[in-house]
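Reading through the structure tokens given below for one structure.
Letters go in sequence order (proteins before strands), and every chain restarts at 1. Side chains included, hydrogens not; waters and symmetry mates left out as well; all remaining heavy atoms used. Here the structure is a predicted model, which is why all the values come from computation and not from measurement.
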2 protein chains.
Amino acid sequence: MKKELSPSFLHLTAAQARTLAKNMPPEEVLYELADLYKMFADSTRVRILSALQAQELCVLDLAALLGVSQSALSHQLRILKQAKLVKSQREGKIIFYSLADSHVESIFKQGLDHVRE
Amino acid sequence: MKKELSPSFLHLTAAQARTLAKNMPPEEVLYELADLYKMFADSTRVRILSALQAQELCVLDLAALLGVSQSALSHQLRILKQAKLVKSQREGKIIFYSLADSHVESIFKQGLDHVRE
DNA sequence: AATATATATGAACACTTGTTCATATATTAA
DNA sequence: TTAATATATGAACAAGTGTTCATATATATT
């Protein structure tokens with residue numbers, strides 16, 4: 001029995017290609033996944049998340065701790081907040097930021113395991 | 001006993017700041033971590049990794065499967081290979097790509113868990 | 001009310017990144 | 001050797017991103 005080879009594939013039968021595509025997460029999910037990882041793909045944001053993992057902090061303390069300008073930090077915090085990785089809580093003049101999600105920690109650790117291997 | 005407040009911090013004592021900094025992974029590791037996540041921060045690369053998770057594939061099949069140009073794919077494969085997330089194996093004219101590292105899968109799954117929550 | 005403090009934001013800019021196009025390299029077939 | 005196939009790569013370009021600078025907003029203090 002001759003294998004039915006789709007004209008566009010080299011080694012995959014059309015059936016195999018379909019099965020493969022079906023077993024992959026939907027495109028839309030993969031796009032969201034890339035967007036999630038974009039949040040961790042900048043060293044400033046990674047350092048922010050790493051610090052907030054230890055304890056909640058206000059903007060100026062974070063800035064001092066990381067050696068980043070207040071403005072740059074504020075911009076990044078906004079991005080992290082929109083992505084719902086970080087939340088804020090006002091106490092008078094000061095706003096405290098903390099991790100919004102326990103998943104952040106596990107994603108973080110997974111990555112560290114790989115980097116340290 | 002008065003708290004010794006470092007002039008540069010608002011709510012952190014100098015001691016707290018030191019402890020916090022000490023408990024964070026070293027800067028250099030955080031930079032590597034960001035670089036690792038950069039690999040997952042592009043939808044084309046995520047889709048490549050997702051496909052290779054199912055099975056090893058040659059460049060043209062991958063291109064057809066994902067609907068990406070051969071050139072674009074080749075460029076991305078080079079990037080993934082340099083990052084040691086992917087490896088290649090030649091068989092005559094054809095080069096098969098596969099995941100280089102089992103960590104890739106776990107990083108992937110962790111992210112999916114978060115996206116799907 | 002005026003001032004000081006803490007944070008946010010818009011615009012501009014430099015830098016990075018992913019794709020395309022054209023072409024190069026490598027292997028196989030004729 | 002020549003032609004065909006599979007993959008790689010350099011240059012150019014468009015789009016995206018992170019920072020800075022100046023300024024705005026919000027709260028507290030005097």
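- In a base pair of the Watson-Crick type (N1 to N3 plus N6-O4 or O6-N4) or a G-U wobble (N1-O2 and O6-N3), with each distance short of 3.5 Å, C/dA1 is matched with D/dT30.
- Contact of the A/Ile107 side chain with the A/Leu36 side chain is registered, since non-hydrogen atoms from C-beta on lie closer than 4.5 Å.
- Scanning both residues, B/Ala64 and A/Phe9, for their nearest heavy atoms gives CB-CE2, 3.5 Å.
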Which pairs would a plain distance check flag for residues 22-35 of chain B, meaning a side-chain donor or acceptor within less than 3.5 Å of a matching protein atom at least two apart in sequence or in another chain?
residue	atom	partner	partner atom	Å
B/Glu27	OE2	A/Arg47	NE	3.3
B/Glu27	OE2	A/Arg47	NH2	2.9
B/Asp35	OD1	B/Lys38	NZ	3.1

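- Between chain A and DNA chain D, the heavy-atom contact criterion of under 4.0 Å yields a 5' to 3' nucleotide range of D/dA6 to D/dA28.
- Within residues 70-77 of chain B, the residues having any heavy atom under 4.0 Å from DNA chain C are, by residue number, B/Ser71, B/Ala72, B/His75, B/Gln76.
- Screening residues 90-117 of chain B for ring pair (Phe, Tyr, Trp, His ring centres under 6.0 Å) gives A/His11-B/Phe96, A/His103-B/His114, A/His114-B/His103 as the qualifying pairs, with residues at least two apart or on separate chains.
- The stretch residues 49-78 of chain B participates, sequence neighbours left out, in no salt bridge (Lys or Arg N to Asp or Glu O under 4.0 Å) pair at all.
- Contacts between residues 85-98 of chain B and DNA chain D, defined by a heavy-atom separation under 4.0 Å, are made by B/Lys93, B/Ile94, B/Ile95, B/Tyr97.
- When all heavy atoms of B/Cys58 and B/Ile94 are compared, the closest pair comes out as CB-CG2, 3.4 Å.
- Within the structure, no pair that satisfies the ring pair (Phe, Tyr, Trp, His ring centres under 6.0 Å) test touches residues 65-91 of chain B, not counting sequence neighbours.
- In this structure A/Ala83 satisfies the side chain to side chain contact (heavy atoms under 4.5 Å, CB included) test together with A/Met39, A/Leu85, sequence neighbours excluded.
- Remark: A/Cys58, A/Val59, A/Leu60 in residues 34-65 of chain A come within less than 4.0 Å of DNA chain C through at least one heavy atom.
- Evaluation of the side chain to side chain donor-acceptor pair (under 3.5 Å) test over residues 104-113 of chain B, restricted to residues two or more places apart or in two chains, returns A/Ser106-B/Gln110, A/Gln110-B/Ser106.
- Formation of a donor-acceptor pair under 3.5 Å by the A/Thr19 side chain with backbone atoms of A/Ala15 is found in this model.
- With sequence neighbours left out, A/Ser98 forms a side-chain hydrogen bond (donor to acceptor under 3.5 Å, both in side chains) with no residue at all.
- Among pairs with a residue in residues 83-98 of chain A, none fulfils salt bridge (Lys or Arg N to Asp or Glu O under 4.0 Å), at least two apart in sequence or across chains.
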